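A quick note: this is a predicted structure, and the numbers were derived from the prediction, not measured. A note on names: the letters A, B, ... follow the listed sequences, proteins ahead of strands, and every chain is numbered from 1.
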Amino acid sequence: MPKLDSLPAKFDFPAAERDARRFWEESEIFQKSLEQRRSENAEHFVFYEGPPTANGLPHPGHCLTRVMKDLFPRYQTMCGKLVERKAGWDTHGLPVEVEVCKELGIHTKEEIEAYGVERFVKLCIESVFRYTREWEELTNRLGFWVNLDEAYVTFHQSYVESVWWGLKTLYERDLLYQGHKVVWWWAQGGTALSQGEVGEGYRDVDDPSIYVRFPLVDGPDAFEGRTSLLVWTTTPWTLVSNHFAAVHPEIEYALCDEGDDGEERLWVAKDLVEALAKKTKRKLTVVRTCKGADLLGLRYEPPFPGVYYGEMGERTAKLKRVPEEASGLAGGGATELPIGWRVLAADFVTIDAGSGLVHEAPAFGEVDFDLLQQERARFEAFDAIPLLCAVKPDGSFSDDAPPAYRGRWVKEADKDITRELKDRGLLVHHEVYHHPYPFCPRAEDDALIQYARKSWFVRTSAFKDEFLRNNAGIKWLPEHIRDGRFGDFLRNNVDWALSRERFWGTPLPIWRCEATGKMEAAGCYDELLAKPDVAGTEVWDAAKAADPDLPDHLRVHKPYIDAVTYASPFADGARMRRVPEVIDCWWDAGSMPFAQWGFPHVEGSIDTFKWAFPANFISEALDQTRGWFYGLLAISTLLFGETRDDAKLPAPDLPRPETAFPYNACIVLGLLLGEDRLKMSKRTKNYREPTYIFDQLGADAMRWYFFSAQTPWTGVVFQEKAIQEAQREFLVRLQNVWNFYVLNANGDNDQFDPGSHDGARKGTGWRAPGERSELDRWILGELHRTTRDVRAALDRFENFPAAGHLNDFVDALSNWYLRRSRDRFWRSEKDQDKWDAYNTIHEVLVATAKLIAPFTPFFAESVYQNLVRSAGLGNAGAPESVHLCDYPTADESLIDDRLATEMDLVRQVVSAGRAARTGAKLRVRQPLQRCEVILGRKEHAEWLGRHAELIGAELNIREVELTTAGEEYVTYSIKANFKALGPRFGKKVQAVAKAVAALDAAEARRSLGEAGAVEVEVDGAKESLSGDEVEVRLDAKPGWSAAQARGAVVVVSTELTDELRTEGLLNEVVHHVQGMRKDAALDYNARIKLFVETDDELWTVVDGGRAAIEAECQVDAIERAAAPGGEPKSVKIEGHATKLAIAVV
RNA sequence: GGGCUCAUAGCUCAGUUGGUUAGAGCGCAUCCCUGAUAAGGAUGAGGUCGCUAGUUCGAAUCUAGCUGGGCCCA
């Protein structure tokens, strides 16, 4: 009975993966891999799963992320750590609502309310889990080991309550406040969009670009006509709400006569006069110029004076009493100023486009709003200046606007507004402006507008320095993220706009007194229930009674939570009602370090949090920089950072990590591109579905491709072909070695027994590695070197070099060790050398299976099960799975650098020998008499000499001679080694190099050989250079068939004797016959008859070589005759026209 | 418009702290092996390292500018 289970004729990767998956599942290997470390009380290696939003099908990009998240936890587990892996799902947010709206065919907030928030929210829950099965399937098929059964879910009550706890803590520390914010507003949907969402929706569009006259109502320049500011805007609809005009204080402005009729004058930026004259086809004559600062305070009449100006145009307000010199603003001497329609200074004004004067409608622009805030701050009463806004939240003009526009979508009104201005003589120029403008990424026809909303903020900007300190300790891969993209974002931190005016999200846990407006925060549901005179919980109870399937988690969501009120502690008889907002779902995700455990409410969660924070490792794609990576850092820093308030924490002895917080290492993955180098798109289908790849090639192929093909932060083009290639290069090659071993070990002749896994029963003929042949010691050395290097790389989170080491090792194993060892397996004697070979390859393959286990877990399992767990081995005590094994450790004593160098040299020499043959057009089939290997240094000569036979065999050359004296065939040259000489000589290095080059190379070589040094004269001083500081090169002299390797030249003798020629011819015949056997798909052992038609000369050769041909090709008889049936094969053998035919006996 | 990042062979990508002959795989060409066989292997051709200037004894590598792509933000 064979010891090892036999392998299928053709290894089917996808099928083997199915088997492995079933085995893991049935035997609960993942659970055991954790249990094993728990029972050892092992140290934790903390991994955080960034929760994917499961509301779409996973694509290849998700595979990259999940595969990276799998590699390091698997590796650390095998290294003895306990790596708990809790899955998570991000379930809240606008994307979910939009998905549901699409199904319902509705659009706006009003429509959602009409549909019913209760029903709507229920659909949101259902929507979230629609694709979960696909995600779990993907996770399984990829071999991503993560605990899906106990996944955290952001809408679960325990999670929501954790987030509430965090928010309450911040509220009580005065870090959560309400303010205004100009947001990108999706009017049709009635919501603000996050930066990320806005970024997704930019499209190039044509917008109007208009130049409008703002006539001055007073001014220093006496002029009988009309003097106006020429103001530029690309949003005509905002002119209705115009409040100010802005100039840059440092820019030079020019007052120009418009035409010659003396009726109109314009103020524009001086540098733009010429361009504007050309553009507007007007004659502009500069009257005088001045700095923008000199224009400040000028008053004008806005384009729609009937709107606000008519009522408020003359109104003034008291300024704060600021010393004139400190105000820095014109008008500092005044005590009162008009509340609008005058010129302000703004640094953001440029002359890159427009007129150099900008129209300000603070409600519709972030910078404009900031300018308003700055202006407001000058007045005694902050609200002396109102926020003018003639637009309703649904994006239509309000009743403040002129009647012609009321109720119309603002963007749609642009044209009519422009026309009206033209009719009224205010429009100076109108053109089309092509620029990127954001649209709603969920409803692509809806343009977004900037719009001021009330909003809740978290005071993150106060923690900027602490963010930066924590960031400095994080190991970012690639490194530039830390100070580049992420650091940059942190340095420009602004307060986190937390609230969303939506339905499906974590409700903001703030209750407001209806009488006084005073507020307080709730930290959990029970806390709320404990409030005085609680009412409204019956709404939930009724809903639950009506629909018992309703998930209990919904009780902390809208609309049920909104019904909960209690008696106000601030005013007798008043009620506390919740504010309407929900929060940004990024805040949910960023809260996961504690919320995933239900901290601090859930029993045991505080203890869990103590070991599970901070994370040792996280990884997501580049687009998460300002999303999850930031969320984690910000929230953890605010709650648990250096400046935290221990009095507000449930356990004051919580860890307070000094650095690397809240994650030690973060791999930032590049974004995958489709085969056309564009972003992956479902529409254009420019990528292969993950499942297709799994079915065709297997998950390991994809995994290996991601790990080995490039650094993970490279934005890589995802191609099926490349995956196939990666599989062939590594997995198929390794599979071949494995297959070869099993085939031979189980062979009738050998029946090799590899022994038991723990070495208690040794393999057949086992002896210690040190006693084995050089080749065995070499491959074992390579194995241990690889082990050392792979571990070092993985410890640094560098998968790419690690995969590279493994790839090189498998290449060496297959293309040198096995290739050179084949004879040892095939020979009929069962001698020690044979058993050494078997033991070596067995040990190497078992170790390799463990080494690759974190990378390609399925294939590693197949190999391991076969080599260690085959029934015939009686190895019941071995770990059940390769994933329950410890990761191999390197035995430094087995790494022999000298042997590695020498083996490398042999391979080089063989390679050079082949090149020499190719150069002489002498195919390897043609035996040659001799070659000479000329070595640059003699230190390897002796060792290499012992391998002359091997070299001869590889090259089909009978005599191989080694020499260091090859003047006959080579010339020497000597060159400086700059790397060694540079640091020693600095500027003088070029002079030294010149002196070295001038040396007699042969002489210098002799000197180096004898004295170990050579002398040169530089600038009159003698310098002694060692062998490492110069490089002696060998160059083959022309006329010889020679080729160069590093440190050696191989010269082959091209002389052919009759005997050599005859043997070459015989080889040609054998070659053709073997080819025909293969073409005919004959069995290895099939006996044949050979029919040859040829000239006398070649027949003599064939006749004389009968024995060789018959032995090589399983031929029973050779006849000089035409084939009895079928077409013979016509070939030319070294010019001899020949017809060959074979017939099975 | 701003920040970050990238540009190396026909293609996909490596290139460690600057060191003087810039690598791999695929593809291509030529060839080998025919008992790992619907596999395996070898050799070769192919590059002014995006452009320009600078720093340096020495630049694919460092600096600045430019050109072009990507991402993020306006």
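Between A:Phe11 and A:Phe13, the two ring planes are perpendicular [angle over 60°; tilted spans 30° to 60°]. The aromatic rings of A:Phe718 and A:Tyr705 sit perpendicular to each other, their planes meeting at more than 60°, with 30° as the lower class boundary. Aromatic ring orientation, A:Trp738 versus A:Phe859: perpendicular (interplanar angle above 60°, classes split at 30° and 60°).
Comparing the same atom, C1', in B:G68 and in B:U52 gives a spacing of 15 Å after rounding to whole Å. Only the C1' atoms considered, B:U20 is 22 Å distant from B:A24, to the nearest whole Å. Only the C1' atoms considered, B:A59 is 10 Å distant from B:G19, to the nearest whole Å. Using atom C1' as the reference point in both B:G47 and B:G35, the two lie 42 Å apart (nearest Å). B:G41 and B:U55 have their C1' atoms separated by 48 Å, given to the nearest Å. Nucleotides B:G50 and B:A9 have their P atoms positioned 8 Å apart, rounded to a whole Å. Across the P atoms, B:G44 and B:G25 are found 12 Å apart, a figure rounded to whole Å. Nucleotides B:A74 and B:G10 place their C1' atoms 39 Å apart, quoted to the nearest Å.
Figure legend. B:C51 is base-paired to B:G65; pairs are counted as Watson-Crick or G-U wobble with both atom distances under 3.5 Å. Across all strands shown, B:A42 forms a Watson-Crick or G-U wobble pair, both distances under 3.5 Å, with B:U30. Base pairing analysis places B:A59 opposite nothing; no Watson-Crick or G-U wobble pair with both distances below 3.5 Å involves it. B:C4: Watson-Crick or G-U partner is B:G70, with both key distances under 3.5 Å. Look at B:U21: it lacks any Watson-Crick or wobble partner with both distances under 3.5 angstrom.
When the nucleotides B:A36, B:G19, B:C57 are ranked by their closest atom to the side chain of A:Trp826, B:A36 comes out on top. Listed nucleotides B:C71, B:G35, B:C26 differ in distance to A:Leu622; the shortest reach to its side chain belongs to B:C71. Taking every side-chain heavy atom of A:Lys975 into account, B:U21 is the closest of B:A14, B:U21, B:G41. The nucleotide whose nearest atom lies closest to any side-chain atom of A:Arg485 is, among B:C57, B:C32, B:C72, B:C72. Residue A:Lys1078 places its side chain closer to B:A39 than to any other of B:A36, B:A39, B:C57. Checking B:G19, B:C13, B:C26 against every side-chain atom of A:Lys979, the shortest atom distance belongs to B:G19. For A:Phe740, whose side chain is taken as the heavy atoms from C-beta onward, the closest listed nucleotide among B:A36, B:C4, B:G19 is B:A36. Ranking B:C26, B:C4, B:C13 by closeness to the A:His480 side chain, first place goes to B:C4. Of the candidate nucleotides B:A36, B:U5, B:A38, B:A38 has the atom lying nearest to any side-chain atom of A:Lys10. Of the candidates B:U20, B:C57, B:C26, B:C26 carries the atom nearest the A:Arg728 side chain, counting heavy atoms from C-beta on.
Of the N and O atoms on the side chains of A:Trp476 and A:Asp483, not one donor lies less than 3.5 Å from an acceptor on the other residue. Between the side chains of A:Trp816 and A:Asp811, no donor-acceptor pair is found at a separation under 3.5 Å. Side-chain N/O atoms of A:Tyr630 and A:Asn493 include a donor and acceptor closer than 3.5 Å.
Heavy atoms of A:His1071 sit under 4.0 angstrom from at least one base atom. Within the nucleic acid shown, A:Lys988 has no heavy atom closer than 4.0 Å to any nucleic acid atom. A:Arg923 comes within 4.0 angstrom of sugar-phosphate atoms only, judged by non-hydrogen atoms across all strands, and of no base. Using a 4.0 Å heavy-atom cutoff across all strands shown, A:Thr625 reaches no nucleic acid atom at all. Among the heavy atoms of the strands, none lies under 4.0 Å from A:Leu981. Nucleic acid contact for A:Gln710: sugar-phosphate only, since backbone atoms but no base atoms lie under 4.0 Å from a heavy atom of the residue. Residue contacts for A:Phe486: at a heavy-atom cut-off of 4.0 Å it reaches no nucleic acid atom on any strand shown. Here A:Asn736 lies in heavy-atom contact (under 4.0 Å) with a base. Counting non-hydrogen atoms under 4.0 angstrom, A:Val737 reaches a base of the nucleic acid. If you check every strand for non-hydrogen atoms under 4.0 Å, A:Gln719 touches sugar and phosphate atoms only. Residue contacts for A:Arg822: at a heavy-atom cut-off of 4.0 Å it reaches a base atom on one of the strands shown.
Atom CD in A:Gln450 sits about 9 Å away from atom C1' in B:A74, given to the nearest Å. In this structure, CD of A:Gln724 is placed 10 Å from P of B:G27, rounded to the nearest angstrom. In this structure, the CD atom of A:Glu1112 is 7 Å from the P atom of B:U34, given to the nearest Å. B:G40 atom C1' lies 15 Å from atom CG of A:Leu734, rounded to whole Å. When rounded to the nearest whole Å, the span between CZ of A:Arg482 and C1' of B:G3 equals 18 Å. Rounded to whole Å, the distance from CG on A:Asn807 to P on B:A14 is 15 Å.
Here the side chain of A:Thr848 pairs a donor or acceptor atom with the backbone of A:Val844 at under 3.5 angstrom. With hydrogens and angles ignored, the 3.5 Å screen pairs a side-chain donor or acceptor of A:Asn492 with a backbone N or O of A:Asp488.
Residue A:Ser821 has no polar side-chain atom (N or O) positioned under 4.0 Å from OP1 or OP2 of B:A36. Considering only side-chain N and O atoms, A:Asn815 lies under 4.0 angstrom from the phosphate OP1 or OP2 of B:G41. A:Arg1077 has no side-chain polar atom (N or O) that falls below the 4.0 Å cut-off from OP1 or OP2 of B:G35.
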At a cut-off of 3.5 Å, list every protein nitrogen or oxygen paired with a nitrogen or oxygen from nucleotides 43-48 of chain B, distance to 0.1 Å.
from: B:U43; atom 1: OP1; to: A:Ser911; atom 2: OG; distance (Å): 2.2

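Between A:Glu1068 and A:Arg925 there is a salt bridge, since a side-chain N of the basic residue sits under 4.0 Å from a carboxylate O of the acidic one. Classification of A:Arg733 and A:Glu729 as a salt-bridged pair holds, one side-chain N sitting under 4.0 Å from a carboxylate O. The pair A:Lys975-A:Glu1031 does not meet the salt-bridge criterion, since no charged nitrogen lies less than 4.0 angstrom from a carboxylate oxygen.
Closest-nucleotide positions on RNA chain B for A:Gly986 and A:Ala709 were compared, and the one nearer the 5' end corresponds to A:Ala709. In terms of position on RNA chain B, the residue among A:Thr711 and A:Arg819 whose nearest nucleotide sits closer to the 5' end is A:Thr711.
The 12-atom threshold is not exceeded at CD of A:Glu479, counting heavy atoms of other residues, nucleotides or ligands nearer than 6.0 Å.
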